[in-house]
2 protein chains.
Amino acid sequence: MSDIFQSVYQHLQFSAEDIKVIAKAHQKIEITKGSFLLKEGETANEYYLLEKGLVRAFVHDYNNNEITTEFFVENEIVIVPASLFQRNPSQETLQTVTDCVLWKISFEDFQHLFHSVPGFSEWGRLWFTTQVFSLKQKSLDIVTETATNRYLKLLKEKPQIIQNAPLKQIASFLGITDTSLSRIRKDLSKI
Amino acid sequence: MSDIFQSVYQHLQFSAEDIKVIAKAHQKIEITKGSFLLKEGETANEYYLLEKGLVRAFVHDYNNNEITTEFFVENEIVIVPASLFQRNPSQETLQTVTDCVLWKISFEDFQHLFHSVPGFSEWGRLWFTTQVFSLKQKSLDIVTETATNRYLKLLKEKPQIIQNAPLKQIASFLGITDTSLSRIRKDLSKI
DNA sequence: TCAATTTCTTGCCAAAAGACAAGTCGCAGA
DNA sequence: TCTGCGACTTGTCTTTTGGCAAGAAATTGA
């Protein structure tokens with residue numbers, strides 16, 4: 001059994017038995033880079049755990065450019081909360097950036113876990129709380145930090161993104177164009 | 001007794017008795033516009049409910065300009081979650097935009113309510129969940145909508161902000177300068 | 001009521017960012 | 001190995017946005 005469940009749910013004291021129940025409810029899938037887990041306009045029905053690889057979420061801006069809104073790295077949950085939990089068509093598309101190994105579970109089965117595994121709903125509560133802090137921090141960073149600093153921060157905190165995602169996706173995630181990011185890199189290399 | 005508690009906590013079925021307990025734990029305060037509820041660098045110790053008036057949160061950007069990050073309207077909770085719940089110095093400052101009537105409670109007493117009022121923690125869970133959806137939506141709007149549309153959306157959803165906050169604060173909240181917003185308004189008036 | 005201050009508008013100029021395109025580089029597949 | 005494609009860099013030009021400042025309008029306080 002993969003130890004991804006241990007990693008993802010480590011913040012709460014689940015018993016080995018609980019982890020086993022959780023793991024058994026998931027199905028392992030391996031998909032190639034460029035695959036879609038969820039497309040704009042669809043309502044999400046699955047919850048994913050990312051064991052290996054890189055996934056991104058993106059939307060189209062008012063000029064129809066793809067803007068990457070999020071990167072998901074190993075041992076993270078890959079979902080569009082507004083679509084999965086509110087049952088709305090997603091504004092965002094989920095696409096693999098590299099070949100990936102994921103574990104999926106239907107939303108229905110996921111909800112069952114809330115009842116069958118004590119402490120799982122507590123874990124959900126914790127996840128939402130953490131999301132509030134990180135979403136807020138991200139929005140503060142966009143206004144308080146320069147593009148260069150946001151790039152350096154991303155490089156420091158999640159280097160696997162910089163290493164594996166194309167420049168264009170990284171740039172749009174940082175709120176700039178690939179041309180600008182290329183120039184930022186050039187300036188940084190001079191120092 | 002003010003019915004603000006009824007308004008704020010209406011999403012869960014609190015009994016009249018529960019509401020009374022909650023209300024009694026708060027203290028009413030009236031403050032003039034321009035007052036500070038929390039300053040950058042301080043750790044928040046109070047939780048506020050806004051009965052009347054308008055409050056904003058702001059940070060300083062990399063050029064030391066004030067950027068309004070949030071507006072709080074009547075019957076909303078006025079807090080900086082990262083500071084209040086994580087006990088960190090706040091990056092954001094809370095300032096009244098107009099004269100205000102607020103009800104405050106210390107963080108300590110607030111935590112007591114979680115234990116003494118059944119369902120209060122459920123309300124907290126709901127609040128965090130809602131925040132995730134709205135914070136995410138806000139970040140999507142910034143990339144998918146033009147500044148003009150963001151202005152129109154704000155005008156439609158929270159006209160009291162447009163009516164009561166100075167242009168400069170509205171502009172920075174929308175991610176543009178007051179000069180640009182003035183020009184957007186001019187263009188809109190031509191239609 | 002009147003003066004003083006703040007807020008908002010607008011013109012001009014500068015700076016920053018983006019669009020576009022050409023050219024280089026490197027990798028993947030035939 | 002060679003070819004072709006996608007990714008990245010870089011130069012030029014354009015567009016957008018912002019800075020600044022002057023003036024008008026509105027608000028505040030004495």
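Taking the six-membered ring where the residue is Trp, F114(B) and F110(B) present perpendicular rings, their angle passing 60° and hence far from 30°. Between Y9(A) and F120(A), the ring planes are tilted. Angles from 30° to 60° get that label.
Taking the side chain as every heavy atom from C-beta outward, L154(A) and R150(A) never approach each other to under 4.5 Å.
Pairs passing the side-chain hydrogen bond (donor to acceptor under 3.5 Å, both in side chains) check and including a residue from residues 111-123 of chain B, sequence neighbours excluded, read E122(B)-R125(B).
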Could you pull out every donor-acceptor pair under 3.5 Å between side chains of residues 29-41 of chain A and any protein atom, sequence neighbours left out?
{"residue": "S35(A)", "atom": "OG", "partner": "T32(A)", "partner atom": "O", "Å": "2.6"}
{"residue": "E40(A)", "atom": "OE1", "partner": "H60(A)", "partner atom": "ND1", "Å": "3.0"}

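For K52(A), the NZ atom sits in a loose shell: 12 or fewer heavy atoms of surrounding residues, nucleotides or ligands are nearer than 6.0 Å.
Partner of L84(B) under the side-chain contact (heavy atoms from CB on, under 4.5 Å) criterion, chosen from T43(B), I79(B), N45(B): I79(B).
The side chain of R185(B) sits closest to dT9(C) out of dT9(C), dT9(D), dT28(D). The side chain of K186(A) approaches dT10(D) more closely than any other nucleotide in the set dC8(D), dT10(D), dC8(C).
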Between the protein and nucleotides 22-28 of chain C, list the N/O to N/O atom pairs that are separated by less than 3.5 angstrom.
none

If you restrict it to nitrogen or oxygen atoms, what contacts under 3.5 Å exist between nucleotides 14-20 of chain C and the protein, and what is each distance?
{"residue": "dG18(C)", "atom": "OP2", "partner": "T177(A)", "partner atom": "OG1", "Å": "3.3"}
{"residue": "dG18(C)", "atom": "OP2", "partner": "S180(A)", "partner atom": "OG", "Å": "2.7"}

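In terms of heavy-atom proximity, L140(A) sits nearest to Q91(B) at CD1-OE1, 3.6 Å. The shortest heavy-atom contact between V80(A) and E92(A) is CG1-OE1, 3.7 Å. Contact record, P81(A) with W127(A): CG-CH2, 3.8 Å, taken as the closest heavy-atom pair.
The separation between L181(B) atom CG and dT17(D) atom P is 13 Å, rounded to whole Å. When rounded to the nearest whole Å, the span between CG of D178(B) and C1' of dT10(C) equals 12 Å. Remark: C1' of dT6(C) and CD of Q169(B) are 12 Å apart, rounded to the nearest angstrom. In this structure, CG of L188(A) is placed 15 Å from C1' of dT9(D), rounded to the nearest angstrom. What separates CG of D187(B) from P of dT10(C) is a distance of 10 Å, to the nearest Å. Look at NZ on K168(A): it is 14 Å from P on dT9(D), rounded to the nearest Å. N164(A) places its CG atom 16 Å from the C1' atom of dG6(D), with the value rounded to the nearest Å.
Remark: F173(A) engages F71(A) in a ring-ring contact (aromatic ring centres under 6.0 Å, His included) (not counting sequence neighbours).
Two end axes, each from the C1' atoms of five base pairs, can be drawn for the helix from dT1(C)-dA30(D) to dA30(C)-dT1(D); they diverge by 50°, to 10 degrees.
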